[in-house]
Every structure is written in C-alpha cells, then in structure tokens.
Amino acid sequence: MLLFAFGLMMLATAAAGEDVITAASFIIPNTKPPAGLQPSVVGKVTMTQPRSGGNTIMEVHLKGLPPTPRHGFHIHEYGDIFTQGCQSTGSHYNPENYHHGAPGDEIRHVGDLGNLVSNEAGYINAKIIDRLVSLRPTQFSCWKSICDS
C-alpha cells in the first residue's frame, strides 16, 4: 500500500573540491490515500552524485511510518503526487523496460531501490548507494516521484 510520495529539487554544489549534483526532497503524506488510511509520513531524502557520473548516494530520513519490518522504496515514472496521490505517479521508473529486481541485480528497473526497515517508533534513517539512479541531465532519474509501499 502506498503511503507517501514526493518530488525532488535539484541544485549543483561543490563538496570537498568535487563538483557534485544534489537533489533534495521534503516528504509529504500521500495527498489521496486509499480508503481507511491516514498517512502521516514526513521527512527528507537528499541525493548526491558527482557531476562526472558514478554512484548516487541517497540519505533517507523518514518518520511516521508503521513499525513494520520492511517498506518498499521506489522511484516512479511521474512526479504528479497531487492528482490522485501516489496512484498518479505511474509505474516504477524503468526507461530500459527491464523486469523488477533487487538493488544489487545486474538487470532491474532503475526505480527499484529495495526495502527499508523502520524502527519501533516508525523512523527510517538509511543510506542507499545506487549505480543506476542518476542525477545527471543526460540520464535523468530525477523529477520523478519516490514512493514507499
């Protein structure tokens, strides 16, 4: 069940002498949750990638999640989180039309970022390093939405 979605803002920064691209997102609850759900997830995800390419690092800080073992974490096709909430974000971001897979799989959707585990209080503080997600303009994974299911 989709609990929240968010869009990303991008800016270029310099960190320790290396030119990096940074995308930040402030998490808001699903604007049109399925009947019976009252999501209260809030937080922030910060993504960085060297402008020259390479892995993207995602720092994930969320609160308000149910303390369940795992929450699927995905980038979706569209950044529209308002028309129908998470339901209007489309499928997982998959520009190569590959099958689902785990983050370490050779072939997978770009948007398949695996599962994150919330603690007893409903918090997630995690770092994801991914080789397929890109913030570079020529391989742009950003300006999409990211959902937890």
Side-chain angles (χ1 to χ4, degrees), residues 1-31 39-66 68-119 121-149:
M1 182 139 328
L2 299 175
L3 300 174
F4 69 91
F6 55 91
L8 299 169
M9 301 183 315
M10 289 195 51
L11 53 112
T13 61
E18 182 170 7
D19 195 18
V20 298
I21 301 168
T22 300
S25 177
F26 296 92
I27 288 52
I28 61 171
N30 186 343
T31 58
S40 59
V41 177
V42 295
K44 182 178 180 182
V45 175
T46 304
M47 304 168 91
T48 57
Q49 180 182 34
R51 189 174 293 282
S52 60
N55 291 335
T56 295
I57 298 170
M58 294 166 261
E59 302 270 349
V60 182
H61 304 284
L62 306 173
K63 66 180 182 178
L65 289 156
T68 58
R70 299 181 306 154
H71 301 274
F73 201 67
H74 313 97
I75 297 176
H76 283 252
E77 291 178 295
Y78 310 116
D80 176 10
I81 60 171
F82 296 104
T83 304
Q84 291 296 319
C86 287
Q87 292 75 14
S88 58
T89 62
S91 298
H92 296 169
Y93 185 57
N94 185 18
E96 305 298 330
N97 201 29
Y98 290 146
H99 295 288
H100 284 282
D105 290 348
E106 185 65 30
I107 296 176
R108 66 168 171 91
H109 296 177
V110 173
D112 285 337
L113 298 176
N115 296 304
L116 299 177
V117 177
S118 60
N119 66 18
Y123 287 80
I124 291 176
N125 290 300
K127 181 186 228 179
I128 299 170
I129 300 172
D130 192 82
R131 64 183 170 73
L132 295 181
V133 172
S134 180
L135 305 178
R136 298 175 65 213
T138 57
Q139 303 166 324
F140 211 55
S141 298
C142 232
W143 301 109
K144 308 296 180 189
S145 59
I146 298 181
C147 293
D148 165 60
S149 55

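With hydrogens and angles disregarded, a donor-acceptor distance shorter than 3.5 Å links the side chain of Ser118 to the backbone of Pro66. In terms of modelled atom types and a separation under 3.5 Å, the side chain of Gln49 and the main chain of Ile21 share no donor-acceptor contact.
Contact check for Val60 versus Phe73: side-chain heavy atoms found under the 4.5 Å cut-off. Val45 has its side chain out of reach of His61: every pair of non-hydrogen atoms, C-beta onward, lies at least 4.5 Å apart. Asp130 is not listed as a side-chain neighbour of Asn55, based on a closest heavy-atom distance of 4.5 Å or more. Taking the side chain as every heavy atom from C-beta outward, Met47 and Leu135 approach each other to under 4.5 Å. Ile75 is listed as a side-chain neighbour of Val133, based on a closest heavy-atom distance under 4.5 Å. Two residues are said to be in side-chain contact when any heavy atoms from C-beta on lie closer than 4.5 Å; Leu116 and Ile128 meet this criterion. Residues Thr46 and Met58 have side chains not in contact (no heavy-atom distance under 4.5 Å, counting atoms from C-beta outward).
Within the model, atoms NE2 of His99 and CG of Asn97 stand 8.0 Å from one another, a figure rounded to the nearest 0.5 Å. From Lys44, atom NZ reaches atom CG of Leu62 across 12.5 Å, with rounding to the nearest 0.5 Å. Note that CG of Leu132 and OH of Tyr98 are 9.0 Å apart. Values are rounded to the nearest 0.5 Å.
Taking each heavy atom of Gly64 and Val41 in turn, the nearest pair found is O-CG2, 3.7 Å.
Listed by chain and number, the residues in a side chain to side chain contact (heavy atoms under 4.5 Å, CB included) with Asp112 are His74, His92, His100, Arg108, His109 (sequence neighbours excluded).
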Discussion item. Using the rule given for side chain to side chain contact (heavy atoms under 4.5 Å, CB included), can you reason through Val20 versus Arg51, listing the C-alpha separation, both sets of side-chain angles and the distance that settles it, and then say yes or no?
Written reply: CA-CA 5 Å; Val20 298; Arg51 189 174 293 282; over 6 Å; no
Practice prompt. Would you sort out whether Ile124 and Leu65 count as a side chain to side chain contact (heavy atoms under 4.5 Å, CB included), showing the intermediate values?
Written response: CA-CA 8 Å; Ile124 291 176; Leu65 289 156; 3.3 Å; yes
